[in-house]
Amino acid sequence: MPELPEVEVLRRSLEPRLVGDRIAGFEVRAPALREPLDPVVFERFTTGRRVEALDRRAKYLLIHLEGGATLVIHLGMSGRLTLVPGDTEVEPHEHLAFRLASGRRLRLRDPRRFGQAFALPTADLAGDRHFAHLGLEPLSPGFDGSVLARLAEGRRGPVKTFLMDARVAVGIGNIYASEALHRAGVHPSRSVARIGWARWEALAQAVIEVLSRAIAEGGTTLNDFADADGQAGYFQVSLAVYDREGEPCPRCGRAIRRTVHANRSTFYCPGCQR
DNA sequence: CGTAGACCCTGCGCGC
DNA sequence: TGCGCGCAGGGTCTAC
């Protein structure tokens, strides 16, 4: 389920629990997620190292370790990263786990195996092929309507696809793309070539507000986030249109519709999105 | 070059 | 009840 807010809530939850602990070892139980899980790399860049800080870039969780190394985790569609007592039974799809010096275990479960895990020197992060092409962080300074308008120059295609393009901006997944477009009153199929300055500004603000609110609401369930096993770690946010086909739009009452962009479901209100 | 579509994988809910 | 189908919040690759 993770989009940017979920990864950010996970980061905030894990950081105080992990910093200062040390990675004592690891178990790789699947040969690969999206990419091969490389025990040689984990051994070289994680074993024996103390956790210094947790960071996030796009939907990647960055676990910075002492000695200038970083463990990178991406949850894909179905990944769950949880902190459990070391003697907790190994569960199905627990493809990777790190034993900690405190006795706990940082486990990554991922049934669909679209996630990723790798480690590298921290200095190589920016130039790494997973990160080099990534665009704006929507919750960082500099994300606004004028920058979106500039990035859209000369481009075609529906605005929803544009918003989800990681080369433009990162972290806006399928749920929050629909939600932000609804909040801004912009039809998801509208061509990026037919969006004026005011709409770009409204869209940028809507993205910021939708993501910020999701993080804030996730924060309310932070307590047992990382301790809990499985689903307890994930939170419910109030969504206006996503997965609400046929239900009334909370703003204008018209029935919400579902369509498809780039093989992904899109939900929108035909009444107040133009 | 940019964009659209297929695809990776497993689990779940729905309709028959 | 059992079963097949469609769909799922990720990203990347290929074909046009």
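Residue numbers start from 1 in every chain, and the chains themselves are labelled A, B, ... in the order their sequence lines are given, proteins ahead of strands.
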*Asks:* Is any side-chain N or O of A/R112 under 3.5 Å from a base N or O of B/dC9, one able to act as donor and the other as acceptor?
*Replies:*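 Such a pair exists between side chain and base.
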
*Asks:* Rounded to whole angstrom units, what separation is found between the CG atom of A/D243 and the P atom of B/dC14?
*Replies:* 11 Å

*Asks:* In whole angstrom, give me the gap between the P atoms of B/dG5 and C/dC7.
*Replies:* 15 Å

*Asks:* Can you tell me which nucleotide in C/dG10, B/dT10, C/dA8 comes closest to the side chain of A/K59?
*Replies:*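 Selected nucleotide: C/dG10.
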
*Asks:* Can you identify which nucleotide, out of C/dA8, C/dG11, B/dT10, has its nearest atom closest to the A/R113 side chain?
*Replies:* B/dT10

*Asks:* Specify the separation, in whole Å, of atom NE2 of A/H133 and atom C1' of B/dC1.
*Replies:*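 One finds 17 Å between C1' of B/dC1 and NE2 of A/H133, rounded.
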
*Asks:* Mapping A/P111 and A/P158 onto DNA chain B by nearest heavy atom, which one lands closer to the 5' end?
*Replies:*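 First, find each residue's nearest nucleotide; the 5'-ward one identifies A/P158.
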
*Asks:* Can you label the angle between the A/F131 ring and the A/F118 ring as parallel, tilted or perpendicular, going by 30° and 60°?
*Replies:* tilted

*Asks:* Would you call A/E6-A/K59 a salt bridge at under 4.0 Å N-O?
*Replies:*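 Salt bridge absent between A/E6 and A/K59.
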
*Asks:* Using a cut-off of 4.0 Å on non-hydrogen atoms, how would the nucleic acid contact of A/R155 be classed: base, sugar-phosphate, or nothing?
*Replies:* sugar-phosphate

*Asks:* So that I can tick it off, tell me whether A/R12 and A/E8 are bridged by a salt bridge, with the cut-off set at under 4.0 angstrom between side-chain N and carboxylate O.
*Replies:*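 So A/E8 pairs with A/R12 through a salt bridge.
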
*Asks:* Categorize A/N263 for me: base, sugar-phosphate, or nothing, with a 4.0 angstrom heavy-atom threshold over every strand shown.
*Replies:*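 Base: the residue A/N263, judged by heavy atoms under 4.0 Å, touches a nucleobase.
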
*Asks:* Do you know which two heavy atoms are closest between A/I172 and A/P138, and how far apart they sit?
*Replies:*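 Reported closest heavy-atom pair: CG1-CG, 4.4 Å.
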
*Asks:* Report yes or no: does A/H64 contribute a side-chain atom to a donor-acceptor pair with the main-chain N or O of A/D55 at less than 3.5 Å?
*Replies:*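 Looks like no, no N/O pair under 3.5 Å.
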
*Asks:* Grab the stems for DNA chain C, please: at least three consecutive Watson-Crick or wobble pairs, both distances below 3.5 Å, written as range with range.
*Replies:* B:2-8 with C:10-16, B:10-16 with C:2-8

*Asks:* Could you tell me the separation between the CG atom of A/N174 and the P atom of C/dG11, rounded to a whole number of Å?
*Replies:* 11 Å

*Asks:* Side chain of A/R34: nearest nucleotide among C/dA8, C/dG9, B/dC8?
*Replies:* B/dC8

*Asks:* In whole angstrom, what separates A/E3's CD from C/dA8's P?
*Replies:*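 Nearest whole value for this atom pair: 13 Å.
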
*Asks:* Side-chain N or O of A/S265 less than 4.0 angstrom from OP1 or OP2 on C/dA8?
*Replies:*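 Checking C/dA8 against A/S265, a side-chain N or O does come within under 4.0 Å of OP1 or OP2.
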
*Asks:* Touch check for A/P92, heavy atoms < 4.0 angstrom, all strands: base, sugar-phosphate only, or nothing?
*Replies:* nothing

*Asks:* Choosing from C/dG9, C/dG11, B/dT10, which nucleotide comes nearest the side chain of A/H93?
*Replies:*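 The answer is B/dT10, which lies nearest to the side chain.
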
*Asks:* Would you call the rings of A/Y60 and A/H74 parallel, tilted or perpendicular, taking 30° and 60° as the class edges?
*Replies:* perpendicular

*Asks:* Considering every strand and a 4.0 Å limit on heavy-atom distances, what is the contact class for A/H130: base, sugar-phosphate, or nothing?
*Replies:* nothing

*Asks:* Across the strands shown, which category fits A/H261 at heavy-atom distances under 4.0 angstrom: base, sugar-phosphate, nothing?
*Replies:* nothing

*Asks:* Look up atom CG in A/L100 and atom CZ in A/R17, then write down how far apart they are to the nearest 0.5 Å.
*Replies:*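 A/L100 CG to A/R17 CZ: 13.0 Å, rounded to 0.5 Å.
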
*Asks:* So A/R264, base contact, sugar-phosphate only, or nothing? Heavy-atom distance under 4.0 Å.
*Replies:*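 If one applies the 4.0 Å heavy-atom cut-off, A/R264 turns out to touch a base.
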
*Asks:* Of A/R80, A/R109, A/R107, which meets salt bridge (charged side-chain N to carboxylate O under 4.0 Å, His left out) against A/E94?
*Replies:*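 Passing option: A/R107.
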
*Asks:* Say you pick atom C1' in C/dG9 and the same atom in B/dT3; how far apart are they, in whole Å?
*Replies:* 23 Å

